[in-house]
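Contents: one structure, followed by commentary.
None of the values given here were measured: they were computed from a predicted structure.
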Amino acid sequence: MPPPATSFLIPTSFLMLIALTTMQLLLAAGDSIPTTLDGPSKPSTRRFDPSLRRGSDDLPIDHPRLRKRNVSSDLPEQIALALSTPSSMWVSWVTGDAVVGKDVKPLDPTLVSSEVWYGKEKGKYPLKKKGNATVYSQLYPFDGLLNYTSGIIHHVLIDGLEPETKYYYRCGDSSIPAMSEEISFVTLPLPSKDSYPHRIAFVGDLGLTSNTTTTIDHLMDNDPSLVVIVGDLTYANQYRTTGGKGASCFSCSFPDAPIRETYQPRWDAWGRFMKPLTSKVPTMVIEGNHEIEPQGSGVTFKSYSERFAVPATESGSNSNFYYSFDAGGVHFVMLGAYVDYNQTGAQYAWLKEDLSKVDRSVTPWLVATMHPPWYNSYSSHYQEFECMRQEMEELLYQHRVDIIFAGHVHAYERMNRIYNYTLDPCGAVYITIGDGGNIEKVDVDFADDPGKCPSPGDNVPEIGGSCPLNFTSGPAKDKFCWDRQPDWSAFRESSFGHGILEVMNSTHALWTWHRNQDVYKDDSYGDQIYIVRQPNLCISPATWREAGGRRETSGRENRFSSPSFPIFIWIFLVFGIL
């Protein structure tokens, strides 16, 4: 009998060191992937490819991926997962039949149970949890408009989950019985500077078009372990105006309606469409302007508020419109642009408190998301949320937020590190990804194109004030728009797609923009860059512990400088790697 094989464990920190030094060697050797350490990139634009269509039509409501498949209305549909805490997960689904018409009567959510059975072995569910159920209505007391009342929406919190573990689950009501098929998911790693989700997918402004189909199929092929949607989910409020069999001119068809109808069955269709992804991968959302959906009584955001479970209470927020969560060594703050964001308001107070609690030695990466971008060089929505930037940007900068994702503009744009319209190596990397596939088509006009600069009064948000400004320095001094691509705009192009963030370690993350037009091309993408943190250079109160109490005295004199390469060669030599 042969002797037992000798085994040993290599410390995680040592493996991370090897990964980091290897990456530095590749970069130093001229690897083709750029890095933010190279300094502010020269602004680059890839114009819209005229061989492509700028958009596509809405999928019809009876499309196979949208229509209800369950024979029994008691069976769960629209199943979705969302993170709660590092050891707990929300499971949500819908049962019963929604009703559309002049007179609608809500279902009774107390007549059905909300249960989740789960465990670590296929077909075995030793753990069971119960939750709550609700219904909502979208009402328009005007002739010609359709009222709506939802199916029964269930939310169950399952807890005691182990990190990086595969679980199998079923949801529904066992007393009927009406339980779903078995589905599985894998939990994320615990917060740690050495542990990160496999891949984090980012997408925005989805809708339900043929382009949306390509986006989601492509995203699923990239096998994310977490999905973040930066607002404008269904475009249900556009369906009666531009989509499907709706009216091409809403005000023409309904001249007496003082409000635009939002066609709520599109929410149910979207939930069914997304279920192959959301039932297996935790998906985090934030509201956009298309989620406002005002009712005749003035109620807003009803669909968003009732359909999605988010960790608001868990993160100390008193509102589903803004919250935070951890995903391994990444701390996310999800910001609401359509509620009060002023420094005197509740959201700002919550954000200040939340950021003050972030321990960058445990969650080194700090990522923020919101629906509208603060930095944007397209004509569409240009400077629309300048008020929000003026209120909140300084706080995010003080805490050295690394990346800020937004949607709203239906195109892709990545900024150089920036703060207050000034290139700054300690500023955040802003990325706009509002081109998931919605019916409003991609944006192709830039504010710096001749004749394309909007007037200061053109882009006013649905909620909140307007604060247009002229630049006070640089090439655009005293002007509302630049006459060329701004220095802070690193790369922009008009294309549908999604992004993937792969966090390698506490300082390096690979960002890749995946375009729909490249879906059939192997290893093809629209944009790619290593986003690199420099905690020793960019010291703040929140990063003091992470940097071991060492404060750089050179400060901004070393703008966009890279760590000295010989140090990494020395590390290799010490450990006998070279």
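- The stretch residues 445-464 participates, sequence neighbours left out, in these ring-ring contact (aromatic ring centres under 6.0 Å, His included) pairs: Tyr378-Phe446.
- Tyr322 and Tyr341 have their aromatic ring centers separated by at least 6.0 angstrom.
- Here the side chain of Ser379 pairs a donor or acceptor atom with the backbone of Lys452 at under 3.5 angstrom.
- Ring-plane geometry between Phe308 and Tyr304 is classed as tilted, the angle between the planes lying from 30 to 60 degrees on a 0 to 90 degree scale.
- Close placement of the Phe385 and Tyr338 rings is indicated, their centers lying within 6.0 Å of each other.
- Checking Glu413 against Ser489 by side-chain atom types alone, a donor-acceptor pair falls below 3.5 Å.
- For the residue pair Ser51 and Asp49, a side-chain donor N or O sits within less than 3.5 Å of a side-chain acceptor on the partner.
- No salt bridge links Arg492 with Asp443; every basic N to acidic carboxylate O contact stays at or beyond 4.0 Å.
- Geometrically, Arg400 engages Tyr397 in a cation-pi contact defined by less than 6.0 Å to the ring centre and at most 45° from the axis.
- Summarising the geometry of Tyr235 relative to His290, their closest heavy-atom pair is CE2-NE2, 3.1 Å, with the distance given to 0.1 Å.
- Not a single donor-acceptor pair under 3.5 Å links the side chain of Glu291 to the backbone N or O of Phe301.
- Residues His408 and Pro373 come closest through the heavy atom pair CB-CD, 3.8 Å.
- Residues Pro486 and Ser377 come closest through the heavy atom pair CD-CB, 3.8 Å.
- In terms of heavy atoms, Trp350 sits closest to Ser324 at CZ2-N, 3.6 Å.
- Residues Arg417 and Ile531 come closest through the heavy atom pair NH2-CG2, 3.7 Å.
- Contact annotation: the side chain of Asn438 never approaches that of Asp232 to less than 4.5 Å [non-hydrogen atoms, C-beta and beyond].
- Heavy atoms only, all atoms of each residue included: Ile229 and Leu233 are closest at CG2-CD2, 3.2 Å.
- If you look at Phe332 and Tyr323, their ring centroids are not closer than 6.0 Å.
- The distance from the CD atom of Glu293 to the CD1 atom of Ile259 is 10.5 Å, given to the nearest 0.5 Å.
- Contacts classified as side-chain hydrogen bond (donor to acceptor under 3.5 Å, both in side chains) and involving residues 460-481 (residues at least two apart or in different chains) are given here: Asn289-Glu462.
- Below 30°, between 30° and 60°, or above 60°: for Tyr239 and Tyr263 the angle between ring planes is below 30°, a parallel geometry.
- Legend: salt bridge (Lys or Arg N to Asp or Glu O under 4.0 Å) pairs involving residues 195-212, not counting sequence neighbours, sorted by first then second residue: Arg199-Glu502.
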